[in-house]
Amino acid sequence: MARHPKFKSLFLLFRQAVTGTEQNFLTGSINKAIFLLSVPMVLEMLMESLFAVVDIYFVSKVSVDATATVGLTESVLTIVYSIAIGLSMAVTAMVARRVGERQFKRASITAVQGIYFSIGFSIVLGIFGVLFAEDLLRLMGGSEALINEGVGYTKWMMGSNISIVLLFVINGIFRGAGDASLAMKSLWLANILNIILDPILIFGWGPIPAFGVEGAAIATTIGRSCGVMYQCYYLFNGKGIIKVRGIPLNIIPRIIKRMLLIASGGTGQFLIASASWVFLVRIISEFGSDALAGYTIGIRVIIFAILPAWGMANAAATLVGQNLGANQPDRAETSVWRTALYNMIFLGLVTVVFLVFAAPIVGFFTQEPAVLHYGTRCLQIVSLGYIFYAYGMVVVQSFNGAGDTRTPTILNFFGFWLFQIPLAYFLAIILDFGPNGAFMAISIAESVIAVVAIILFKRGKWKLTKV
């Protein structure tokens, strides 16, 4: 009974985090600030990862080629995600810095400029994606049968990328302002709709025809678009820190230029990383659709576990940005190390689960023996680097939260392009380890990048970054 008040206090703190009633993280307990920001951000990332898991669960029931189509399309879409994440990091850093300085109107103006650029970029990319969908799949090594079955999925996902980009960018705005619960709620809405619509549109229901793998893309697009509409409602009518109503809505080139300068580093680091994933997929595709399908399922499950950890990393980024804006660099650094410790504990537990239960987890998605084999190996081998990666992702996001996107970009270039890809090719092709060689390269490279990031972070130059 003596412990009951502590559990009650924890529950009240959890409810406060989910409802988003606390927005001042510049004073008081650092542990409380981490908790209040991390809970909604972890739940937000959990919802983002559910998109991948739900889609692949239903698509895997269609065919191996359908599953492989998702893998090939997602490898290209990672470039879209990279740009969206880069823009999101830029607006998070700039909004957080203005909030830390207590300049809320400037924070709102910055947010609007980020939305303007996102819309323009997405329209151009969407047109390109729809026109060249078949060429993209062919370039990635897809067979003609795969292209015929899955090109509709690719067109939908590329053509509707505006919902992806805006969802990331506007949530970045909310995170920078400390309104993490709004970001979480928008993804909850998007996911609930996606879960409901996926089986209906893939397999058909009543008068609704079966769209196959294309139905997964339609469901995802509808879900994400509704999430964006929910975000926009709060931007225009909400009572949070960021308010669109009453501020100048004209385009301000100076702010966009500064944002793009920061975003170029953020986008660059993720483009470098995601482009390396494209090459990894190309290496794995050499071993056939079974290996590619197994990798696709395995990597979706990995993302499911990694994204909640990114939620904690995003919390650290917000704390760094706001505390630097308030001229509290020591509090910013303490927040990073504590968040990284909690993240390591979480991913350490995930590693144990994946090592022990990889086969039944992958078996939930497929019973094809070859696909099950490759998916299980992917899960087990990649998770071996989680302990290092837990610290690395928090530290890298903290660089970004400070506005120093250049350091992670350089890290990613050397770590992925000059190390991971050559290592994957050497292990998979030259030494004939097959897909397992590519999986080993992922784990090794991520661990090395994390160690180097920690060393650079300790030098403290990120504290001097101007935003």
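Heavy-atom basis, side chains included; hydrogens, waters and symmetry copies ignored. We count residues from 1, following the sequence as given.
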Quiz item: Phe354 and Leu349: side chain to side chain contact (heavy atoms under 4.5 Å, CB included), yes or no, with the steps?
Solution: CA-CA 9 Å; Phe354 281 179; Leu349 295 173; over 6 Å; no

Self-check item: Other residues, nucleotides, ligands: >12 heavy atoms within 6.0 Å of Phe388 CZ
Solution: no

Practice problem: Consider only side-chain N and O atoms of Ser186 and Asn171, and report whether a donor and an acceptor are under 3.5 Å apart. | Solution: yes

Quiz prompt | Beyond-backbone contact of Asn31 with Tyr342, side-chain heavy atoms, under 4.5 angstrom | solution = yes

Practice problem: With side chain to side chain contact (heavy atoms under 4.5 Å, CB included) as the test, would you mind laying out the steps for Val165 and Ile83 before giving the verdict? | Solution: CA-CA 8 Å; Val165 175; Ile83 296 172; 6.0 Å; no

Self-check item: Shortest non-hydrogen contact from Val336 toward Ser398
Solution: CG2-OG, 3.2 Å

Quiz item: Out of Leu411, Ile410, Asn412, which one pairs with Phe414 under the side chain to side chain contact (heavy atoms under 4.5 Å, CB included) rule?
Solution: Ile410

Exercise. Might you work through the side chain to side chain contact (heavy atoms under 4.5 Å, CB included) test for Val91 and Ile262, ending with a clear yes or no?
Key: CA-CA 9 Å; Val91 297; Ile262 299 174; over 6 Å; no

Quiz prompt | Thr351 side chain to Ser383 backbone, donor-acceptor under 3.5 Å | solution = yes

Self-check item: Backbone of Ala133 reached by a side-chain donor or acceptor of Arg138 within 3.5 Å
Solution: no

Quiz item: Is it the case that more than 12 heavy atoms not belonging to Phe419 sit under 6.0 Å from its CZ atom?
Solution: yes

Exercise. Locate the shortest heavy-atom distance separating Leu201 from Ala219; write the atom from each residue and the value.
Key: CD1-N, 3.7 Å

Quiz item: Gln322 side chain to Gly176 main-chain N or O, any donor-acceptor pair under 3.5 Å?
Solution: yes

Quiz item: Is Ser264 reaching over with its side chain to a backbone N or O of Leu261, donor-acceptor style, under 3.5 angstrom?
Solution: yes

Quiz item: Does the Gln367 side chain pair with the main chain of Gly363, one donor and one acceptor, at a distance under 3.5 Å?
Solution: yes

Quiz item: With a cut-off of 6.0 Å (strictly less than), are more than 12 heavy atoms of other residues, nucleotides or ligands near CZ of Phe121?
Solution: yes

Practice problem: Taking the side chain as every heavy atom from C-beta outward, state whether Val130 and Trp156 have any pair of such atoms under 4.5 Å apart. | Solution: no

Exercise. Using modelled atom types only, decide if a donor and an acceptor are shared between the side chain of Asn400 and the backbone of Met89 within a distance under 3.5 Å.
Key: no

Self-check item: Side-chain heavy atoms of Phe211 within contact of Ile202, under 4.5 Å
Solution: no

Quiz prompt | Heavy atoms from other residues, nucleotides or ligands near CH2 of Trp188 exceed 12 (cutoff 6.0 Å) | solution = no

Quiz item: Do Trp337 and Phe457 have their ring centres less than 6.0 Å from each other?
Solution: yes

Table please: side-chain donor-acceptor pairs of residues 370-378 below 3.5 Å, with sequence neighbours left out.
from, atom 1, to, atom 2, distance (Å)
Thr376, OG1, Leu372, O, 2.7
Arg377, NH1, Gln380, OE1, 3.1

Exercise. Could you tell me whether the side chain of Ser443 and the main chain of Phe439 form a donor-acceptor pair under 3.5 Å?
Key: no

Exercise. Consider only side-chain N and O atoms of Arg406 and Thr409, and report whether a donor and an acceptor are under 3.5 Å apart.
Key: no

Quiz item: Within 45° of the ring axis of Tyr57 and under 6.0 Å from its six-membered ring centre, is that where the NZ or CZ of Lys61 lies?
Solution: yes

Quiz item: Going by heavy atoms in the side chains, are Ile170 and Leu235 under 4.5 Å from each other?
Solution: yes

Self-check item: Side-chain donor or acceptor of Thr92 paired with backbone N/O of Gly172 under 3.5 Å
Solution: yes

Exercise. Could you tell me the separation between the CG atom of Leu292 and the CD1 atom of Ile297, rounded to the nearest 0.5 Å?
Key: 10.5 Å

Quiz item: Measuring from Asn323:CG to Arg97:CZ, what's the distance to the nearest 0.5 Å?
Solution: 10.5 Å

Quiz prompt | Backbone N/O of Thr465 and side chain of Asp404: donor-acceptor pair under 3.5 Å | solution = no

Practice problem: Determine, for Lys155 against Glu214, whether the closest basic-nitrogen to carboxylate-oxygen distance falls under 4.0 angstrom. | Solution: no

Quiz prompt | OH (Tyr116) with more than 12 external heavy atoms under 6.0 Å | solution = yes

Practice problem: Report yes if the side chains of Leu260 and Leu87 come closer than 4.5 Å at any heavy-atom pair, otherwise no. | Solution: yes

Quiz item: How many angstroms lie between atom CG of Leu423 and atom OH of Tyr425, to the nearest 0.5 angstrom?
Solution: 13.5 Å

Quiz item: What is the minimum heavy-atom distance between Ser163 and Val228, and which atoms define it?
Solution: O-CG2, 3.6 Å

Quiz item: Between Ser225 and Thr221, what is the shortest heavy-atom contact and its length?
Solution: OG-O, 2.7 Å

Practice problem: Would you indicate whether the side-chain heavy atoms of Trp462 and Thr407 approach each other to under 4.5 Å? | Solution: no

Quiz item: Among Ile449, Asn343, Asn314, which residue meets the side chain to side chain contact (heavy atoms under 4.5 Å, CB included) test with Met393?
Solution: Asn343

Quiz item: Nearest heavy-atom pair of Trp417 and Pro422: which atoms, and what distance?
Solution: O-CD, 3.2 Å

Exercise. Show the numbers, then the answer: is there a side chain to side chain contact (heavy atoms under 4.5 Å, CB included) between Val320 and Ser335?
Key: CA-CA 7 Å; Val320 166; Ser335 300; 5.8 Å; no

Exercise. For residues Leu379 and Ile302, determine if any side-chain heavy atom of one lies less than 4.5 Å from a side-chain heavy atom of the other.
Key: yes

Practice problem: Verify, without hydrogens or angle tests, whether Ser88 (side chain) and Phe168 (backbone) share a donor-acceptor contact under 3.5 angstrom. | Solution: yes

Quiz item: For the rings on Phe128 and Phe132, is their centre-to-centre separation under 6.0 Å?
Solution: yes

Quiz prompt | Over all atoms of both residues, closest heavy-atom pair of Lys463 and Pro329 | solution = CD-CB, 3.9 Å

Practice problem: Report yes if some heavy atom in the side chain of Phe399 is under 4.5 Å from a heavy atom in the side chain of Thr405; otherwise report no. | Solution: no

Quiz item: CD1/Ile115 to CD/Gln231 distance, rounded to the nearest 0.5 angstrom?
Solution: 8.5 Å

Quiz item: CG/Leu187 to CG/Leu182 distance, rounded to the nearest 0.5 angstrom?
Solution: 11.5 Å

Quiz item: Roughly how far, to the nearest 0.5 Å, is CD1 of Ile284 from CG of Asn436?
Solution: 10.0 Å

